[in-house]
Amino acid sequence: MVTLQQLREVLVENNQSHLLHFYDELNDEEKQKLLAQLSNINFSEVNQLFKNAMESLNEQGVKLDSKMKPVPSHTFESEESINSELLAQYKKLGLEEISKGHVAVLLMAGGQGTRLGVNYPKGMYSVGLPSGKTLFQIQAERIKKVMNLSKQQTGTAGNIVWYIMTSGPTDKTTEKFLKNNDYFGLNKNDVVQFKQGLLPCFDFDGKIFLEDKNTVALAPDGNGGIYRALKNNGILEDMKVRGVKYLHAHSVDNILVKVADPVFIGYCVKKGAECGAKVVKKSGPNEAIGVVCQIDGKFQVVEYSEITEKTANLRDEEGNLIFSSGNICNHFFSTDFLNKIADRFESQLKLHVAKKKIPHVNQRGENVKPSTPNGIKIEKFVFDVFEFTNKFVTWEVPRHSEFSALKNADNPEGTAVDCPTTSKRDLLRLHKKYIENAGGKVTTNEVEISPLLSYAGENLEIRVKGKVFDKKTVILSDEEQLFMNNNNTIDGPVISNGKFYVE
Ligand code: UTP
């Protein structure tokens, strides 16, 4: 570790010497903590980031309309409009890749979930399903199921490694939760957790804030931090050793996410893509969602705020929105592409700057909780790598079966969007549809299908055909059912790898 004297010099050189202002007041333990934190920061690099960030802040608000083009038609397909034969081909190919062990999942779970407002990682959130399952459990069970499907098709169930990116604020709790729940039936060695980086929070003059006298104010570097973190934590190497070729990367907060979706993977592999985006049709011109498009011939996501109302409203001859490919943080990457990004392009990723109210200790040693924005947080976004490839494809899926985000807390009026109530509603609506398609009837809104029984509505007839579901029910897999019977458990418990989690 660097000495105090060396650190002082670095800080003076980089105009950040205020960070040691309270050093002499600290006890030994506090001193050590602060020194350790400071010696982990590359001050000339973060100062440069601040400069770049302020420049990009000045560019914010510039509209991109005149440069935007929809993605070329040969890079776009829609699950709803292609024929069933082609769809089956993609699925078959995806399942084959899974059975060969070529596919892994990259879960982005480093966000702080400030809008949802719970003090634990979002993946641990339960939206109140009849089973009580959390987002992590649902996703883990979908991975388990898709491995079974690949075995059914090919005779070999390839491993799907679950790479989970956490951050300082979510890491330890996530680790403990997964461990306490036996990784929800997945093999412990195939659940690989790693931490994304943190960046200092700055005031508008480029001075880094102290959160308290012995702690620098740091925040996760955005979901685009994934590229740096994959390299720095040896994850790219781990993928190489395991023979992983393709990654399905997605956010933690979409309750409908088809984890390791064989159809999406098969489509991207078939097209020889390095990178793919799953999208949903924008619900209307005013939906505040980024759109996948091209700017000056490069693939990009353009945020709702970056286009004028006129462009958002543009329609083709059939009345469809021209810019309608809503980005849902659901991507395909080849490992070759991820290596290329980490080696050559990571430092060129755009910086997204948000003005925030940053609590801190001022130079008089007072704790300040600002009521207006007093500084900036810098983030990178996962989709900003699209521009570094032309082997890019877009796969449009129906929203009702693939996308319902959990962003906000419920409100007392019941009018919140993207909240626990809407997540639960959308999942149970989909399950109702699956049951009806398989010949069952559902007369309540409380019937759930275990992901261990069915991944996307298949395998249900034998369990539901001709039956009426009129009360709160979780339709379990045979394995879960057997476990329930053996353990004489009657009332809606949640099962995971031989354990019950009571609602
Ligand atoms: P959001 O941008 O919606 O952020 O993340 P969030 O943390 O979930 O919620 P707010 O904005 O604080 O309310 C989209 C996805 O990206 C991940 C999140 O965990 C989520 O899966 N993410 C976000 C990261 O992994 N790291 C980050 O630094 C930020």
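Note: hydrogens, waters and symmetry copies are ignored here, and every other heavy atom, side chains too, is used. Atoms within each ligand, like the ligands themselves, are counted from 1 in listed order.
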Considering heavy atoms of the protein only, find what lies nearest to atom 19 (O) of ligand 1 and give residue, atom and distance to 0.1 Å. Gly111 N, 2.9 Å

So which heavy atom in the protein is nearest atom 25 (O) of ligand 1, and how far is it from that ligand atom? Gly110 N, 2.8 Å

Before giving the answer on ring-ring contact (aromatic ring centres under 6.0 Å, His included), spell out for Tyr246 and Phe333 the whole-Å C-alpha distance, their side-chain angles and the decisive distance to 0.1 Å. CA-CA 6 Å; Tyr246 309 114; Phe333 299 116; over 10 Å; no

Against ligand 1, does Gly225 come closer than 4.0 Å with any heavy atom? no

Considering only non-hydrogen protein atoms, determine which one is nearest to atom 16 (O) of ligand 1 and report residue, atom name and distance to 0.1 Å. Asn223 ND2, 3.2 Å

N/O separation below 3.5 Å, Lys407 to ligand 1: yes

Electrostatic pair Glu346:Lys231 at N-O distance under 4.0 angstrom: no

Of the backbone atoms (N, CA, C, O) and the side-chain heavy atoms from C-beta on, which set of Ala109 has a member under 4.0 Å from an atom of ligand 1: side chain, backbone, both, or neither? backbone

Is there side-chain contact between Val382 and Cys329, with at least one heavy-atom pair below 4.5 Å? yes

Provide, to 0.1 Å, the distance between atom 15 (C) of ligand 1 and the closest protein heavy atom, together with that atom's residue and name. Ser251 CB, 3.6 Å

Ligand 1 N/O within reach of Cys329 N/O, cut-off under 3.5 Å: no

Identify the residue among Asn148, Asp261, Ile449 that makes a side-chain contact (heavy atoms from CB on, under 4.5 Å) with Tyr455. Asp261

Does the side chain of Lys298 reach to within under 4.5 Å of the side chain of Asn390, using non-hydrogen atoms? no

Which heavy atom of the protein is the closest neighbour of atom 26 (N) of ligand 1, given with residue, atom name and distance? Gln196 OE1, 2.7 Å

Can you tell me which portion of Arg115 lies within the under-4.0 Å heavy-atom range of ligand 1? Options are side chain, backbone, both, or neither. both

List every atom of ligand 1 that sits less than 4.0 Å from any heavy atom of Met165, numbering the atoms from 1 in the order shown and giving each element. 25 (O)

Could you say whether the N/O atoms of Lys122 and ligand 1 ever approach to under 3.5 Å? yes

Verdict with supporting geometry, Asp253 and Ser251, side-chain hydrogen bond (donor to acceptor under 3.5 Å, both in side chains): CA-CA 6 Å; Asp253 52 13; Ser251 63; 2.9 Å; yes

Tell me the protein heavy atom at minimum distance from atom 9 (O) of ligand 1, and give that distance in Å. Gly113 CA, 3.5 Å

Test of ring centre spacing under 6.0 Å for His331 and Phe386: yes

Ion pair Glu30/Lys213, N-O distance below 4.0 Å: no

When you look for heavy atoms under 4.0 Å from ligand 1, do you find them on the side chain of Glu379, its backbone, both, or neither? neither

What residue and atom, counting heavy atoms only, is the protein's closest point to atom 10 (P) of ligand 1, and at what distance? Thr114 OG1, 3.3 Å

I'd like to check Met54 versus Phe202 (side-chain heavy atoms, cut-off strictly below 4.5 Å). Are they in contact? no

Is a side-chain donor or acceptor of Asp203 paired with a backbone partner of Asp205 at a separation under 3.5 angstrom? yes

Nearest-contact summary for atom 17 (C) of ligand 1 - protein heavy atom, Å: Met108 O, 3.8 Å

